[in-house]
S.K.: 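If you scroll down you'll find the structure; I have some questions about it.
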Number of protein chains: 2
Amino acid sequence: MSRASDRAYVMIRDMILSGDLPSGAKIGEEALAEQCGVSRTPIREALGRLEAELLIRRSDTQRSYVADWSLEDVEEVFELRGLLESRAARRAATRISHSQIERLKTHHAAIGEAINAPTPDTQQFVEHNHLFHSVILEASASAELTSMLARIIERPIVHRTARNYSFDDLKRSHRQHGELVAAFEQRDPAWAEAVMVSHIRRAFHTYANAHIDQRIPDMSQAAE
Amino acid sequence: MSRASDRAYVMIRDMILSGDLPSGAKIGEEALAEQCGVSRTPIREALGRLEAELLIRRSDTQRSYVADWSLEDVEEVFELRGLLESRAARRAATRISHSQIERLKTHHAAIGEAINAPTPDTQQFVEHNHLFHSVILEASASAELTSMLARIIERPIVHRTARNYSFDDLKRSHRQHGELVAAFEQRDPAWAEAVMVSHIRRAFHTYANAHIDQRIPDMSQAAE
DNA sequence: CCGAGTGTCATTGTATACATTAGGTTCGCA
DNA sequence: TGCGAACCTAATGTATACAATGACACTCGG
């Protein structure tokens, strides 16, 4: 991968997700170039990617703004994600290898540890949660699904309120992962699909209720 | 929109879809720049878009090749398209405006004319077919769905064999469009969704059987 | 005082030159 | 003759300069 444009992409994305660049903020290429320490060329490439991921919106005259997401927009993303990721789970059920199931179990166990630590290790939770879902996507062996989900998977976290999840939410997420593993071991597509639908659906409601339940701060990703 | 990069995008895409650039062909930026009469900068932007649409594949060292699609890959695309476009139909059913329904009827009628002309007007069929589906997507009022479908909608036509559709196929497609209109007029989400699933599914089988039925050549897009 | 028009400024689009890196070829040595 | 290393070539990544275009403000006329 290219060095400068990737750094710029990550930096800009983080600025948006962290809130440094608030919704609706105008984005100037030159200003970003200076901030990122690169020229406008890699900045433009990064903006193109972010626009494709709908994190950035462009006016009719090609000026860039940080996209603003309503709750309805976020629900739509979760809906799509449920649609695509449950399809991935269904495909994965009949294709997943033994070693991939082992990897699922490894991440599942790591998530369990993260939750049950004296103080929940949110960093570890987020990381292994991501890896868990990555294995399923990999097992689905679908370039299309992979490409599409890569585009939307980071976005529900735009709203900073999504960072707050209760202990119960984490446990429920963990339990559903366990059920997914069971479905995969049985190679049952319908079961895996149904669990994934439920899993993502719950994640949405957890997100939607986040302004009420705020217990574990600094969770930097949706808990699926 | 930018002038040069858009022209380059369309030109390169057409080269791929028409077969001028065969599957697996290596793509050099400079060569394309010369062919398109622009510099490498807009070419690179165009290649980025085409890569996001999976029409172009990049090696580990960032060299570009025309993607090659197996029948399984194409089926996967149709499956995803069915998934997304049926969801769009469902959403559209409860949101579509009267004027949008009128537009659907206009395109529907135009398709009917195209089919029943002494010699079927494939150009008109393709154009109004595309517009018909565009109205539904617009009525779904989902930026996500629109963005995703825009990425995959052109691709089933990569295989040139898909250009051949029988008269019966065209009529069936037309009839299903009629049923979609009826579902929208009843504002029945489940009905609209089901018809769309069937519609896309049939399109896939028409495509898959294209090497057997080859009656109307030069159809430049899948008949959905 | 309001509106239209024009001029200036800011921002984006494109071209080109240069840097960097991968890949292939050739030469040398075992 | 086969393997490997170094060099050379070609293609991509980045920076920068320039062109074009839209935004904004200010002025002039009504």
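Chain identifiers are assigned alphabetically (A, B, ...) following the order of the sequence lines, protein sequences preceding nucleic acid strands; residue numbering begins at 1 within each chain. On a predicted model such as this, the values are computed, not experimentally measured, just so you know. Hydrogens, waters and symmetry mates play no part in the numbers below; they use all other heavy atoms, side chains included.
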S.K.: Just by modelled atom types, is the A:Ser70 backbone N or O under 3.5 Å from a matching donor or acceptor in the A:Asp73 side chain?
M.R.: yes
S.K.: Whole Å only: how far is the CG atom of B:Asp6 from the C1' atom of C:dT14?
M.R.: 13 Å
S.K.: Look at the side chain of A:Asn209 and the backbone N and O of A:His205, then say whether any donor-acceptor pair between them is shorter than 3.5 Å.
M.R.: yes
S.K.: In whole Å, what is the span from the CD1 atom of A:Ile43 to the P atom of D:dA15?
M.R.: 9 Å
S.K.: To 10°, what angle do the rotation axes through the five end pairs on each side of the helix from C:dC1-D:dG30 to C:dA30-D:dT1 form?
M.R.: 0°
S.K.: Could you tell me whether the side chain of B:Arg151 and the main chain of B:Ala52 form a donor-acceptor pair under 3.5 Å?
M.R.: yes
S.K.: Heavy-atom nearest nucleotide on DNA chain D for A:Ser59 versus A:Pro42: which residue maps closer to 5'?
M.R.: A:Pro42
S.K.: Determine, for B:Glu144 against A:Arg81, whether the closest basic-nitrogen to carboxylate-oxygen distance falls under 4.0 angstrom.
M.R.: no
S.K.: Tell me: OH of A:Tyr65 to P of D:dA23, nearest whole Å?
M.R.: 8 Å
S.K.: Round to a whole Å and report the spacing from CD of B:Glu30 to P of D:dG13.
M.R.: 13 Å
S.K.: Only counting residues at least two apart or in another chain, list the ones meeting salt bridge (Lys or Arg N to Asp or Glu O under 4.0 Å) with A:Arg95.
M.R.: none
S.K.: Identify all pairs in which a protein N or O lies below 3.5 Å from an N or O of nucleotides 19-21 of chain C, and state each distance.
M.R.:
none

S.K.: Between C:dT11 and A:Thr61, is there an OP1 or OP2 to side-chain N/O distance shorter than 4.0 Å?
M.R.: no
S.K.: For a side-chain hydrogen bond (donor to acceptor under 3.5 Å, both in side chains) check, start with the C-alpha distance between B:Thr61 and B:Ser59, then their side-chain angles and the critical distance, and finish with the verdict.
M.R.: CA-CA 5 Å; B:Thr61 64; B:Ser59 75; 3.2 Å; yes
S.K.: Nearest-Å distance, CG (B:Asp60) to P (D:dG13)?
M.R.: 12 Å
S.K.: Of all residues at least two apart in sequence or in a different chain, which pass the salt bridge (Lys or Arg N to Asp or Glu O under 4.0 Å) check with A:Arg57?
M.R.: none
S.K.: How many whole angstroms separate atom CD of B:Glu29 from atom C1' of C:dT14?
M.R.: 15 Å
S.K.: May I ask you to say what B:Leu32 touches in the nucleic acid, namely base, sugar-phosphate or nothing, with a heavy-atom cut-off under 4.0 Å?
M.R.: nothing
S.K.: Who pairs with B:Arg187 by side-chain hydrogen bond (donor to acceptor under 3.5 Å, both in side chains), at least two apart in sequence or on another chain?
M.R.: none
S.K.: Can you check nucleotides 16-18 of chain C for protein contacts, nitrogen or oxygen pairs under 3.5 Å, and list what you find?
M.R.:
unit_1, atom_1, unit_2, atom_2, d
C:dT16, O4, B:Thr41, OG1, 3.4

S.K.: Under a 4.0 Å threshold between the charged nitrogen and the carboxylate oxygen, would A:Arg87 count as salt-bridged to B:Glu79?
M.R.: yes
S.K.: Any idea how B:His107 and B:His128 line up, ring-wise: parallel (<30°), tilted (30 to 60°), or perpendicular (>60°)?
M.R.: tilted
S.K.: State which of C:dT11, D:dT12, D:dT14 makes the closest approach to the side chain of A:Lys26.
M.R.: C:dT11
S.K.: Evaluate A:Ser99 against A:Ser97 for side-chain hydrogen bond (donor to acceptor under 3.5 Å, both in side chains), listing each step before the verdict.
M.R.: CA-CA 5 Å; A:Ser99 73; A:Ser97 70; 3.2 Å; yes
S.K.: Taking OP1 and OP2 of D:dG13, is either one under 4.0 Å from a side-chain nitrogen or oxygen of A:Ser5?
M.R.: no
S.K.: A:Ile27 near the nucleic acid: base, sugar-phosphate alone, or nothing, with a heavy-atom cut-off under 4.0 Å?
M.R.: sugar-phosphate
